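Working notes, beginning with the structure itself.
Everything numeric in this text was worked out from a predicted model, so none of it was measured.
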Amino acid sequence: MAHYTWAAPHTLKTKAAWTHISCSLVEAARWILQGRVHAHTGPDGTVWWTAASYVHTAIARARLEADADADAEAVQQAAAAEQRRRTAQQQAAATERARLAAEQRRLAAEDRRLAAEEEARGELAAEQERLTDFFEHAGIKAARWPAFMQLVRSASGKTVT
């Protein structure tokens with residue numbers, strides 16, 4: 001024989017347990033024959049005789065525990081989802097920073113290239129200005145001078161001064 005005790009108020013924080021009770025064989029037989037107690041198998045496989053009201057109280061406690069477990073799991077899942085969201089947000093921010101840094105490097109390289117081209121055009125213009133008298137004397141058009149210099153350099157492998 002056993003009964004279920006659950007201290008008031010009936011919350012998860014209050015203690016609850018199945019407790020064995022002692023009674024005479026005559027009392028046990030009378031309760032069984034009157035239908036006041038029934039065989040009950042606990043979660044661990046233990047079988048005892050108890051009243052239906054104790055079984056209902058134990059079931060109520062088990063449901064409360066299951067609900068608490070479900071709530072705790074839902075909180076854990078929500079926390080995990082929030083952590084995944086934060087991680088994804090941090091990864092997206094890192095990816096965006098890397099993209100912006102790459103774009104800045106590309107723009108800086110483009111600026112250097114344009115500056116080098118502008119410097120080369122300036123040098124070519126200065127050279128053509130300096131050689132204006134030579135072009136007139138030699139009968140060479142100034143616009144053809146860069147191609148001529150490239151031809152001389154590629155054929156001779158030397159720079160021309």
Practice item. Report yes if some heavy atom in the side chain of Gln83 is under 4.5 Å from a heavy atom in the side chain of Thr87; otherwise report no. Key: yes
Practice item. State whether the number of non-hydrogen atoms from other residues, nucleotides or ligands found under 6.0 Å of Glu103 atom CD is greater than 12. Key: yes
Check your understanding: Below 4.5 Å, heavy atoms only, C-beta onward: do Arg99 and Thr95 meet side chain to side chain?
Key -> no
Return all side-chain donor-acceptor pairs below 3.5 angstrom for residues 54-66, not counting sequence neighbours, or 'none' if the list is empty.
{"unit_1": "Thr57", "atom_1": "OG1", "unit_2": "Ser53", "atom_2": "O", "d": "2.9"}
{"unit_1": "Arg61", "atom_1": "NE", "unit_2": "Glu65", "atom_2": "OE2", "d": "3.0"}
{"unit_1": "Arg61", "atom_1": "NH1", "unit_2": "Thr11", "atom_2": "O", "d": "3.3"}
{"unit_1": "Arg61", "atom_1": "NH1", "unit_2": "Thr14", "atom_2": "O", "d": "2.7"}
{"unit_1": "Arg61", "atom_1": "NH2", "unit_2": "Leu12", "atom_2": "O", "d": "3.4"}

Exercise for review: Treat each ILVMFWY residue as a node, draw an edge where side-chain heavy atoms are under 4.5 Å apart, and state whether Met149 and Leu151 are in one component.
Suggested key: no
Point to revise | pair Trp48-His40: side-chain heavy atoms closer than 4.5 Å | key: yes
Study note, to complete from the structure: In this structure, CD1 of Ile140 is separated from NE2 of His137 (nearest 0.5 Å) by 10.0 Å
Review point. Out of curiosity, Arg113 CZ to Glu117 CD, how far, rounded to the nearest 0.5 Å?
Key: 4.0 Å
Practice item. Give the minimum heavy-atom separation between Gln128 and Ala142, together with the two atoms involved. Key: NE2-O, 2.8 Å
Practice item. State, yes or no, whether a side-chain contact exists between Trp18 and Thr50 at a heavy-atom distance under 4.5 Å. Key: yes
Practice item. For the pair Arg30 and Glu27, evaluate salt bridge (Lys or Arg N to Asp or Glu O under 4.0 Å) and give the outcome as yes or no after the intermediate values. Key: CA-CA 5 Å; Arg30 185 173 358 121; Glu27 285 179 305; 5.0 Å; no
Practice item. In plain terms, say whether Arg85 and Glu82 are close enough for a salt bridge, that is, a side-chain N and a carboxylate O under 4.0 Å apart. Key: yes
Check your understanding: Hey, what do you get for CZ (Arg84) to CD (Gln91), rounding to the nearest 0.5 Å?
Key -> 12.5 Å
**Study point:** Hydrophobic cluster identity match, Phe148 and Leu124, side-chain contacts under 4.5 Å
**Key:** no
Study note, to complete from the structure: Joining Ile, Leu, Val, Met, Phe, Trp and Tyr whenever any side-chain heavy atoms lie under 4.5 Å apart, the cluster holding Met1 also takes in Ile21, Trp31, Ile32, Val37, Trp49
Review point. Atom CD in Glu118, atom CD in Glu123: separation rounded to 0.5 Å?
Key: 11.0 Å
Check your understanding: How long is the gap from CZ on Arg105 to CG on Leu100, to the nearest 0.5 Å?
Key -> 10.5 Å
